[in-house]
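Single-structure report; data block below.
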There are 2 protein chains.
Amino acid sequence: MTEDARQAGHPEQSGRAGHSGQAARPTITDVARRAGVSKSLVSFALNDRPGVSAETRDRILAAARELGWTPSLRARSLSVDRSYALGLVIGRSVDVIAADPFFHAFIAGVESEFSTAGQVLVLTRATPGREEAATYRGLAADKRVDGVFLTDLRADDDRIRLVSELGLAAVTLGRPDIPSPFPSVSVDDGRGIRAAVDHLIALGHRRIAHVAGPSNMLHGRRRAEAFAAAARAGGVEPMAAVETDFSAVDGARATRELLALGTERPTAIVYSNDMMALAGLAVAQRAGLRVPLDLSITGFDNTELGEHTFPSITSVATDAAEWGARSARLLLAAIAEEPVGDIELAEPRLVIRESTAAAPAAPVAAAPPRT
Amino acid sequence: MTEDARQAGHPEQSGRAGHSGQAARPTITDVARRAGVSKSLVSFALNDRPGVSAETRDRILAAARELGWTPSLRARSLSVDRSYALGLVIGRSVDVIAADPFFHAFIAGVESEFSTAGQVLVLTRATPGREEAATYRGLAADKRVDGVFLTDLRADDDRIRLVSELGLAAVTLGRPDIPSPFPSVSVDDGRGIRAAVDHLIALGHRRIAHVAGPSNMLHGRRRAEAFAAAARAGGVEPMAAVETDFSAVDGARATRELLALGTERPTAIVYSNDMMALAGLAVAQRAGLRVPLDLSITGFDNTELGEHTFPSITSVATDAAEWGARSARLLLAAIAEEPVGDIELAEPRLVIRESTAAAPAAPVAAAPPRT
DNA sequence: CCGTGTCTCTAAACCGGTTTAGAAGGTGTG
DNA sequence: CACACCTTCTAAACCGGTTTAGAGACACGG
C-alpha cells in the first residue's frame with residue numbers, strides 16, 4: 001500500500017505536497033475588484049478605520065468572506081514593520097533544560113495568549129556568551145520578532161543593554177539588578193524558600209543546608225539569600241550553601257559533599273529545584289539514609305515527577321503557566337506601546353509531601369556510598 | 001540606583017528601547033547608489049547570479065559591507081515566497097511533555113542545522129484534534145513556515161493529508177502507516193525494546209510485562225509489538241501490555257495494576273519511557289519490593305535523571321539530537337526541492353545500569369501499598 | 001561591413017499589503 | 001450664493017527586496 005502510493009505518486013519524494021491544483025490565493029486586489037472599490041478602501045474596511053460607509057464596509061467584508069481572503073501576513077509585515085512574533089532564547093545547556101518543566105509550562109502559558117492575537121513563538125537555544133548575543137542580534141537583524149522574553153536573569157545582565165540597543169521590546173522574568181527599560185514579571189520565590197525553611201524549622205531541624213543554583217543567576221542568588229535570611233529569622237544559623245549549575249549531576253555532587261560532613265551533616269536540605277532534589281534523594285538513599293526519617297529534603301518547582309517518587313517530594317510550587325501568560329500579555333502591550341508596569345505574581349506555595357519529617361534526635365552519619 | 005534610572009529615563013516604561021537615535025537601516029537602494037549601479041544588479045551580486053562582472057561585484061559587495069547592509073528578510077520573504085522558518089507543533093498535554101527530554105534534545109539538534117542557514121524554529125503546542133488542525137492551518141494560512149516536523153505519528157494520522165493539502169513541506173519522525181508524500185527519519189526503536197527484553201531474558205526473567213505508550217501512537221504501538229515479538233523469540237510468553245498516555249501518573253497506575261497480580265506479578269517490567277519507569281520504581285519501592293532484587297525495570301530515552309536515581313535505571317538510548325539534526329537537514333532539502341529519501345538512524349543501544357538483575361527464585365508478592 | 005551572439009547592466013513590474021494626498025460630492029452656514 | 005467642511009472614496013507612493021524584458025557595447029564569423 002505504502003509502497004504503491006510512493007511509486008505511483010512520488011517516484012522522487014519531494015517533501016512538498018503534490019501539485020494538487022493549489023488555487024492561487026486571493027489578494028486584496030481581488031477583493032477590491034469584487035466589491036467594486038479600490039484596494040485602499042478594502043484595507044480601511046479591514047482594519048476598521050473611519051472613512052468607510054457602513055454599507056460599503058459590509059459589501060467589502062462580504063466580498064472578502066466569499067473569496068476566503070485573509071490578508072497576507074508577509075505583506076502586512078513588510079508595510080507595518082511588525083513581525084507578529086515573539087522570541088524566547090533559552091540560555092542553558094540542553095541537559096539542564098531537559099528535565100526542567102518550567103519552560104514547558106511557561107511556553108504553554110505564553111501560547112495561551114496567542115490564540116487570539118495571531119502571534120507566534122520563535123524558540124532558540126543558545127549558550128550564554130558570544131553565541132547568545134549573536135542569537136539576539138540575528139533575531140533583531142532579520143526582524144524575526146517584535147519582542148523577547150528575558151529569562152534566567154543574571155547579575156549585571158548584558159542582555160538588557162544589548163536587547164535595548166537592538167531596538168527590540170522585551171519583558172524580564174524577575175526584576176533585574178541593574179536599571180532596565182523593560183517591564184518585569186516576577187514572583188517572590190524568596191517567600192517560597194522561606195516557607196520551606198519555616199516548615200523545616202517547625203519540624204525541629206537546626207542543621208539545614210541549601211543546594212543553590214548558580215550564583216550569577218539572579219533567582220539562584222535570591223533563593224540562597226532568602227534561605228539564609230529565613231534560617232536566621234527562625235533562630236537557626238544557616239549552613240553554607242553549595243552552589244550548582246541546576247543540573248541533576250551537580251545536585252548529586254552537592255549532596256555528596258553535604259553528607260560527607262558526617263555527624264556535622266545537615267538533617268535537612270533545601271534544594272533550589274526539583275531535579276536536584278530527586279538526584280539528592282537518590283544519593284541519600286544510596287548512602288543508607290532514610291528520607292525523611294534521617295534526612296528531610298525539599299525541592300522547588302513542584303514537578304510532576306516529584307509527586308511520583310518514593311518518598312514523594314515536598315516542593316515549592318510556582319505557577320509557570322500563569323507566568324508565561326502574564327509575560328506574554330505584558331510584552332504584547334509593550335509592543336503595542338500601551339502603558340505598562342511591573343507585575344508581581346501570586347506567592348509561591350509550599351506543597352508538603354513525604355520527604356519532610358521531624359528532625360532525628362541525633363543525626364545518623366551517612367554510610368560510605370554503595371555502588 | 002534602579003529607581004533613579006527608572007524615574008529618570010522611563011517615567012512610563014514602554015518595553016521598547018529608548019529612542020537612542022536608531023540610524024535608519026540601509027536598503028538595497030542605498031547600496032546601489034553607493035556602488036553606482038542599479039538595485040537589480042545589487043540583487044544579482046548578492047545572490048551570486050551570472051551576469052555581473054567580477055570587478056562590479058566586488059564594488060557592490062564592498063559598498064554593502066561599508067554600509068553594513070543586510071537584505072531585509074521580510075522583503076525577500078515577500079518576493080521569493082519563502083519564510084525561512086520551520087514549524088514544530090507539539091501535540092501532547094503540557095504535563096506529558098514536561099519531563100520528557102526528547103523534545104529538548106530534538107530541538108537542539110534541529111537548531112544545530114540552523115546556524116548556517118539563517119532559519120528559525122516556530123514552536124507551537126496544541127492538543128490533538130480541532131485545535132491541532134487549526135494550528136497547522138494557521139501556520140499555513142499566514143505562511144509562517146516553509147515546512148513542519150510531524151512528530152508522535154498516530155495510526156492513520158490525519159495530519160499527513162492535512163499538511164499535504166495545505167501545501168506545506170514536511171518530514172515525518174518515523175514511517176507512517178499510510179501512504180505519505182513526505183520523507184521520513186526513523187529509528188528502529190523496536191530494536192531497543194528487543195535489546196531490553198533479551199537482556200532480561202538472559203537474566204532469567206520469564207514473567208516480563210510491558211508498560212506501553214498510547215496504542216494510537218505509532219511508536220507506542222510499535223514498541224508494544226516489538227516487546228511481544230522479542231519475548232516470544234526468547235521463548236517467553238509476554239504478559240499483556242498495559243497501555244498508558246506516557247505520563248508519570250499513568251505509569252504509576254500501570255505499575256500498581258501489574259503488582260496487584262500478587263504472585264502472578266511480573267519479575268521485570270519494560271517501560272516505554274523513562275518517566276514512567278521512574279514513577280514505576282517508586283510504586284514498587286512503596287510496595288516493599290527491592291529493585292532490582294525483587295523486580296527489574298527498564299526505561300526508554302535514557303534521561304539524565306535516570307542516571308541519578310537509586311537504583312539508577314537501565315534504559316534504551318536513542319540519539320534525539322541527531323534525530324533533530326537529520327530531520328532538519330532533510331526538511332530543508334525537501335523545501336529546496338532537492339531529491340530526498342527516507343533516513344534510518346543508528347540503532348538505539350541499551351544502557352545497563354542498576355535497575356536490572358537476575359530474576360528472583362520465587363517472586364515476592366508486593367505488600368499492600370504504604371502511605 | 002553587417003548580422004548574430006554574448007556579456008553587462010538598467011528600467012520597470014511584481015510580491016501584497018498600508019498610508020498619504022487629494023478628488024468628488026453633499027451639507028451646513030453666513 | 002459662495003464658502004468651508006465633512007464624508008466617502010481613489011490614485012499613487014511606499015515597505016525592500018526579486019525577476020523579467022530589453023538596451024547598449026563589444027567580439028566574432030561570414
Side-chain angles (χ1 to χ4, degrees), chain A residues 22-61 63-64 67-85 118 140-144 146 167 336, chain B residues 22-61 63-64 67-85 118 140-144 146 167 336:
Chain A
Q22 298 278 337
R25 136 179 195 165
T27 73
I28 195 173
T29 310
D30 299 323
V31 176
R33 188 161 28 227
R34 172 151 195 147
V37 297
S38 67
K39 336 186 313 185
S40 351
L41 207 57
V42 176
S43 177
F44 288 154
L46 178 76
N47 303 308
D48 45 35
R49 304 245 292 241
V52 186
S53 76
E55 55 182 335
T56 308
R57 173 187 315 273
D58 291 348
R59 191 153 37 89
I60 291 174
L61 296 182
L67 292 174
W69 173 72
T70 309
S72 149
L73 181 81
R74 283 174 186 159
R76 191 202 287 252
S77 199
L78 181 60
S79 46
V80 304
D81 196 33
R82 283 271 312 267
S83 302
Y84 302 102
D142 289 347
K143 295 195 176 178
R144 272 323 238 285
D146 298 318
Chain B
Q22 299 279 337
R25 144 181 189 161
T27 73
I28 196 173
T29 309
D30 300 322
V31 176
R33 186 162 28 229
R34 173 150 195 148
V37 298
S38 68
K39 333 186 313 183
S40 350
L41 207 57
V42 176
S43 177
F44 288 153
L46 178 74
N47 303 308
D48 44 34
R49 304 246 292 239
V52 185
S53 75
E55 56 181 335
T56 309
R57 173 188 314 272
D58 290 349
R59 191 153 37 91
I60 291 173
L61 296 181
L67 292 173
W69 174 73
T70 310
S72 150
L73 181 80
R74 283 175 186 158
R76 190 202 289 252
S77 199
L78 181 60
S79 46
V80 303
D81 196 32
R82 283 272 311 269
S83 303
Y84 301 102
D142 289 347
K143 295 195 177 179
R144 270 329 234 287
D146 298 318

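Hydrogens, waters and symmetry mates are skipped; everything else that's a heavy atom, side chains included, is used. Letters A, B, ... mirror the listed sequences (proteins, then strands); counts begin at 1.
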Notebook entry, point to check: Is B/D81 paired with A/R74 through a side-chain N to carboxylate O contact shorter than 4.0 Å?
Noted result: yes
Next item on the list: Quickly work out the A/R82 CZ to D/dC15 C1' distance and round it to whole Å.
Entry: 16 Å
Check: In Å and rounded to the nearest 0.5 Å, what is the CZ to NZ distance from A/R82 to A/K143?
Finding: 12.0 Å
Item checked: Between A/S40 and A/S43: side-chain donor-acceptor atoms closer than 3.5 Å -> no
Check: Toward the 5' end of DNA chain C, which comes first, B/S79 or B/V52, by nearest nucleotide?
Finding: B/V52
Next item on the list: Grab the CG-P distance between B/N47 and D/dG17 for me, whole Å please.
Entry: 11 Å
Next item on the list: Could you tell me the separation between the CG atom of B/L78 and the C1' atom of D/dT19, rounded to a whole number of Å?
Entry: 13 Å
Note to self: I need the CZ-P distance between B/R76 and D/dC15, as an integer number of Å.
What the structure shows: 19 Å
Item checked: End-to-end axis angle, where each axis spans five pairs of the helix from C/dC1-D/dG30 to C/dG30-D/dC1, to 10° -> 60°
Checklist line | Rounded interatomic separation in angstrom, taking CZ from B/R33 and P from C/dT10 | finding: 14 Å
Checklist line | A/L41 CG to C/dG22 P, straight-line distance once rounded to whole Å | finding: 19 Å
Next item on the list: Please check the phosphate of C/dG16 (OP1 and OP2 only) for any side-chain N or O of A/R74 closer than 4.0 Å.
Entry: no
Margin query: Expressed as a whole number of angstroms, how long is the span from A/K39:NZ to C/dT19:P?
Written below: 13 Å
Check: Which of these nucleotides, C/dG17, D/dT18, C/dT19, is closest to any side-chain atom of B/S43?
Finding: D/dT18
Check: Rounded to the Å, how far apart are A/I28 CD1 and C/dC14 C1'?
Finding: 16 Å
Next item on the list: May I ask you to verify if any side-chain N or O of B/S72 is less than 4.0 angstrom from the OP1 or OP2 atom of D/dG16?
Entry: no
Notebook entry, point to check: Among the nucleotides D/dG16, D/dT20, C/dA11, which one has an atom lying closest to any side-chain atom of B/T27?
Noted result: D/dG16
